[in-house]
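Just below is one structure, and these are the notes that go with it.
We're numbering straight along the sequence, starting at 1. Because only heavy atoms are used, hydrogens play no part in the values below, and waters and symmetry mates are left out as well, while side chains stay in.
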Amino acid sequence: RLHTLILSGILASHERLFEMYQEISLRFYRSTEEVFEIYTQYMYEKIFSERFVSTISDEQLAAMRQRFYDRYIDYRYCLIRLTEAQDPFFETIEDRVAGYREVTAPTLILAGAHDRAIPLWQQEKLADIFPNSRYELVPESGHVVYIERPDVFFPALKAFMAAKSVDFEMPSGETAA
C-alpha cells in the first residue's frame, strides 16, 4: 500500500518532442566515443538551470560531465536498452490515464521552473491527473531539482513524507505553486 508517491521525470502522455529527444539520444549512444562525449555537453546544457551552472566552476561542471562519461562510455548499451524500453510504455500511455486517476496516494510534484527536459505544462498535467496531488514550482532550477536546489527539495520532501499528505506547510524557501 502506498502512503505517498513522488514522481520524477515521468510523462503522462505520448509527446512528439520527447520522441525526438529519445531519437537524438539513441544516435549519440550508438555512435563513437567522441560523439558520446559531445552528448555529455549537450545533456548537461539541457538539464541544468543557469542559476546552478553559474554557481559552480567550469572545472566542477567538467568533472560532473567526465564522471557521467566515465560511468557510461563502456555501458552505452545500457542507455540504449533503457531508452528503447520506454517505447512500449509510451505507446499505450494514454490508455492508462484512467488508471492513474485512481491513484489516491498523496503525490508531490516538484518541478524545476527552468526544466527543459520535461516541459512545465507536462508536469502541471500530472497534477490534474493524480487526484490527490500537489504541484510546487521550484524557481531557478532545471530538471535536476535535488542537485540544483537541495535547500528546497529535501526540506519539502521531508515535510511531505512526514505529513503523508499533500496538506503540509512548505518549509521556508523559494517556491511558487
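The backbone N or O of Ala127 lies less than 3.5 Å from a partner atom in the side chain of Ser133, making a donor-acceptor pair. Thr40 places no side-chain N or O within donor-acceptor distance of the main-chain N or O of Tyr69, the cut-off being under 3.5 Å. Judged purely by atom type and a 3.5 angstrom limit, Lys46 uses its side chain to pair as donor or acceptor with the backbone of Arg116. For the pair Glu148 (side chain) and Gly142 (backbone), a donor-acceptor distance under 3.5 Å is present. Judged purely by atom type and a 3.5 angstrom limit, Glu102 has no side-chain atom pairing as donor or acceptor with the backbone of Gly99. When atom types are taken as modelled, the side chain of Tyr135 and the backbone of Leu126 share no donor-acceptor pair closer than 3.5 angstrom. A donor-acceptor pair is defined here as one N or O able to donate and one able to accept, closer than 3.5 Å; such a pair exists between the side chain of Arg149 and the backbone of Pro139.
Through side-chain heavy atoms spaced under 4.5 Å, either directly or across other Ile, Leu, Val, Met, Phe, Trp or Tyr residues, Tyr75 is tied to Tyr77.
The environment of Lys158 atom NZ is sparse: at most 12 non-hydrogen atoms of other residues, nucleotides or ligands sit within 6.0 angstrom.
In this structure the side chain of Val145 never reaches within 4.5 angstrom of the side chain of Val152, judged on heavy atoms. Using a 4.5 Å cut-off on side-chain heavy atoms (C-beta onward), His143 and Phe48 make no contact. Looking only at side-chain heavy atoms (C-beta outward), Leu108 and Phe168 come within less than 4.5 Å of each other. The shortest distance between side-chain heavy atoms of Gln123 and Asp115 falls below 4.5 Å. Residues Val166 and Thr107 are not in side-chain contact: their nearest non-hydrogen atoms beyond the backbone lie 4.5 Å or more apart. Under the 4.5 Å side-chain criterion, counting only non-hydrogen atoms from C-beta, Phe52 is in contact with Ile147. By the 4.5 Å heavy-atom criterion applied to side chains, His114 and Glu50 are not counted as neighbours. Residues Met170 and Arg134 are in side-chain contact: their nearest non-hydrogen atoms beyond the backbone lie under 4.5 Å apart.
Linking ILVMFWY side-chain heavy atoms closer than 4.5 Å, directly or via other members, places Leu82 and Met43 in two distinct hydrophobic clusters.
Shown here for Ile73 and Glu33, the closest heavy-atom pair between the two residues is CD1-CG, 3.5 Å. A pairwise comparison of heavy atoms in Arg101 and Asp128 identifies NH1-O, 3.2 Å as the closest pair. Residues Pro150 and Pro155 approach most closely at O-CD, 3.3 Å, considering heavy atoms. Closest heavy-atom contact between Pro106 and Phe160: O-CZ, 3.3 Å.
Considering CD1 of Ile109 and CG of Leu120, their distance stands at 11.5 Å, rounded to 0.5 Å. Atom CG of residue Leu61 and atom OG of residue Ser54 lie 11.0 Å apart, to the nearest 0.5 angstrom. With rounding to the nearest 0.5 angstrom, the CG atom of Leu110 is 10.0 Å from the CG atom of Leu137. Here the CD atom belonging to Glu169 is positioned 12.0 Å from the CG atom belonging to Asp167, to the nearest 0.5 angstrom.
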Test log, rule side chain to side chain contact (heavy atoms under 4.5 Å, CB included), inputs Thr104 and Asn132 | CA-CA 6 Å; Thr104 59; Asn132 189 17; 5.5 Å; no

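Between Phe68 and Phe36, the ring-plane angle classifies as parallel under the 30° and 60° cut-offs.
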Distance-only check: which donor-acceptor pairs under 3.5 Å involve side-chain atoms of residues 23-31, not counting sequence neighbours?
{"unit_1": "Glu23", "atom_1": "OE2", "unit_2": "Arg16", "atom_2": "NH1", "d": "3.3"}
{"unit_1": "Ser25", "atom_1": "OG", "unit_2": "Tyr21", "atom_2": "O", "d": "2.9"}
{"unit_1": "Tyr29", "atom_1": "OH", "unit_2": "Tyr39", "atom_2": "OH", "d": "3.0"}
{"unit_1": "Arg30", "atom_1": "NH2", "unit_2": "Glu84", "atom_2": "OE2", "d": "2.2"}

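For the residue pair Glu140/Ser49, the side-chain donor-acceptor check at 3.5 Å is not satisfied.
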